[in-house]
Amino acid sequence: MRPIVTRFAPSPTGHLHVGGARTALFCWAFARRLGGRFMIRIEDTDQARSSDESARGILEDLAWLGLSWDDGPVLKRTGAGGEAEAIGAGSRAVGPYFQAQRLAIYNAYIEHLVGAGLAYPAFESGAELEARRKAVVALKQTYRYQRPADIVPGVVSEARWARARAGESHVVRFVSPAGEVLVKDSVLGDVRIAAGELDDFVVRKADGFPTYHFAVVIDDELMGVTHVLRAQEHLINTPKHVALQAGLTRLIDDADASKGSTGVRFTTPVYGHLPLICNPDGSKMSKRDKAKAARKFLKDQMGKDAGLTAAAVAAKIKLDEKMVADFVAGEIDAVEVATAVAGAYGLSLPEIDVWDYRASGYLPGVVMNYLSLLGWSTGQKNADGTDVDRFELGFIAANFSVERIGKKEARFDRAKLLAFNADVLGKMPDEEFLRTWLRWLAVHEPSVHRGLVGADRAGGGKDGGAGGGSASTPFTHEQLLWLVQAVKPRAKTLADGQRAIGFALVDDGAVVFDVGAVAKVLRGASAPASKDAAPSGRTGLDVLRLAAAELRGAQSPDQSGHWKSELIEMGSLPVGPAGLPVSLPAGVSVSLPAGLPAGLPAGLDSLIAGLAQREGLAIGGVAQPLRVALCGSTVSPGLGHCLAILGPARALARVARCLKEFDG
RNA sequence: GGCCCCGUCGUCCAGCGGCUAGGACGCGACCCUUUCAAGGUUGAGACACGGGUUCGAUUCCCGUCGGGGUCACCA
């Protein structure tokens, strides 16, 4: 038996999108499960649209997702742990893995096909065919290329080749078989395409490049691909591939047809067509969706504002006017226009590329987990009766099977992905979260990264100077962990983190006090009293003064700029109903989670609770005014964390400023 | 329009002739609570329709309807 080989064969015409990522995942998992090889091939036969940057980006995305390939282009990169890796370095010698470098091979096989009378040059121009197609469609009939009357299957058309050799521009078409074509599909079952449905499709374009259909068939055969898993949109192409395989035999020399054929027929790989991934509205999720969204936005805006012309838009987004006009007219779907429009007008584009999810702060493992569930399931149950649906990449590799691939198209549910991501983030140990978060911030939010760890961390010395002041207060590792604790339950993605800790990133003198919060909490009616106490009759500002004194007293007496250490011990005690620590019976102790410098946030919370109790106030009566003074609003992480993160100096400075601003 | 594929809660999956049709996300309620989150408990919610086959259909067959894909010198 031949060793199992699967392949993922993207065309480098943009980013890797989630549908492609799932296809790659399934191919990878299938190969891993069965001990086969997973291969990457770059299908760059579209000269106009392919680019090396795109190919590189797609490989990067695959690597980020954790999919490594055994065969294919070599990608040198730095792994998640900072180590250098070279994916694809152990490839079999069946390359090159870029189709544009395999032209000699395709030509040899085309020549071979021609010699067998199974391919012929055709001279119609694109415009000519287009006109014919339009005419047929106008009559509501199905357009198919009509085989020229002089073509006889199995007979070489010398007259046509004479024209071609004379330099006349031409394509090469395949002489399609007359009978029914059967496609055996491991997901869908048998699919039959009736005789006559296949027309003589093009196998070599006028520019000398093979078409997709031809190149795939040749490469899959020559590269030993045994199993092809691809999206269902390709199902309709498969008869073409099967027909080609039936007409082709292996050459003695793959790059030279004149050496003759071995007579060995091409093998048809096992096909499996995956259900499509769709938008919430049920349409196919495609890279063109970004263009669609941007176009709709522009049209709406132009409809509202007559002054907004293509020229005006072009000027604003700094792109060619004609390009913008074509874009709006729907002539082109250029992503760069869509992206530029989104950037300039604050429009958010649908997230469809793997890169989009990277930038939004999703974890690669979660993306893979979620994607695997689109069209596949484990069929396994947990002990508690729930489905097995949360797992890592390795689990997919160990459990994948084609039998469990579904047939129905799946709609992409952003909310569910988000929930999965939040779940994993929430369960991540603090240290790991911190590493992951900082790594993400360094790439996607460098200024926040600088605000957290300082500007000169990543080498290069202190020369970055321009920004000066605001980046001057990097946090200690301990404070960073408290930041993480504040962020974790509030972040569904890594990008959510900054929002939760915005208060800590802003300079003490720049805290913006929310008008509504000030009115309600600081100046409003009396601060809420504790349950059995009489109404306090004191405003939030009154309470804030008390709190300020309390905080002053909580500073470390050694002037070290820390909170006093007793708070840490206080924070290690169990908390009673009033929010205050309960003293432990002799001999009993509580153990804190290992390695956590915790205690302090809890101790600070207790400090607030203690103040509230002494003053006959509800905890909120103290907490809310303090929260506004510290963070500017009534929404923030737990107060203990806020105080711990800021430290006494910053906290007191903020309270003082607030008092100065609103008191009297 | 031709051809092809598909059809279980709003969404994603489980079910492979007999089940109180299960789980996840979302949604509702309640609890917890110093704000926002998080967490806990709990509830509502589906076999598209019509014919067969069968003692018995969500499950098998046919049709209808509905959804999607595809009809290029793009892949």
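To find a chain, count down the sequence lines: A is the first, B the second, and so on, and within it residues start at 1.
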Trainee: Figure out the CG/P separation between A:Asn279 and B:G10, and round it to whole Å.
Mentor: 20 Å
Trainee: Given the side-chain rings of A:His241 and A:His213, with only the six-membered ring counted for Trp, is the space between their centroids under 6.0 Å?
Mentor: yes
Trainee: Could you write nucleotides 64-75 of chain B as a row of B, S and -, 5' to 3', where a protein heavy atom under 4.0 Å of any base atom gives B, of only sugar-phosphate atoms gives S, and otherwise -?
Mentor: ---SSBSSSBBB
Trainee: Mind checking A:Pro275 for me? I need base, sugar-phosphate or nothing, with any heavy atom below 4.0 Å counting as a touch.
Mentor: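 Counting heavy atoms under 4.0 Å across all strands, no contact is made by A:Pro275.
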Trainee: Look at A:Glu197 together with A:Arg144 and state whether they make a salt bridge at an N to O cut-off of under 4.0 Å.
Mentor: yes
Trainee: Round to the nearest Å and state the distance from A:Arg22 atom CZ to B:C12 atom P.
Mentor: 12 Å
Trainee: The criterion is ring-ring contact (aromatic ring centres under 6.0 Å, His included); which residues satisfy it with A:Phe412, sequence neighbours excluded?
Mentor: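 Partners of A:Phe412 under the ring-ring contact (aromatic ring centres under 6.0 Å, His included) test: A:Tyr357, A:Tyr370.
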Trainee: Nearest whole angstrom, please: distance from the P of B:C12 to the CZ of A:Arg414.
Mentor: 15 Å
Trainee: Round to a whole Å and report the spacing from CZ of A:Phe433 to C1' of B:A38.
Mentor: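 Taking CZ of A:Phe433 and C1' of B:A38, I get 13 Å after rounding.
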Trainee: How far, in whole Å, is B:U64 from B:G2 if one measures between their P atoms?
Mentor: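 Going atom to atom, P in each nucleotide, I get 12 Å.
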Trainee: Any cation-pi pair here, A:Arg41 with A:Phe8, using under 6.0 Å and within 45°?
Mentor: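 That pair does not qualify as a cation-pi contact.
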Trainee: May I ask you to say what A:Asp605 touches in the nucleic acid, namely base, sugar-phosphate or nothing, with a heavy-atom cut-off under 4.0 Å?
Mentor: base
Trainee: Using a 4.0 Å heavy-atom cut-off to protein, can you give one letter per nucleotide of nucleotides 14-25 of chain B, 5' to 3': B if the base is in contact, S if only the sugar-phosphate is, - if neither?
Mentor: SS------BBBB
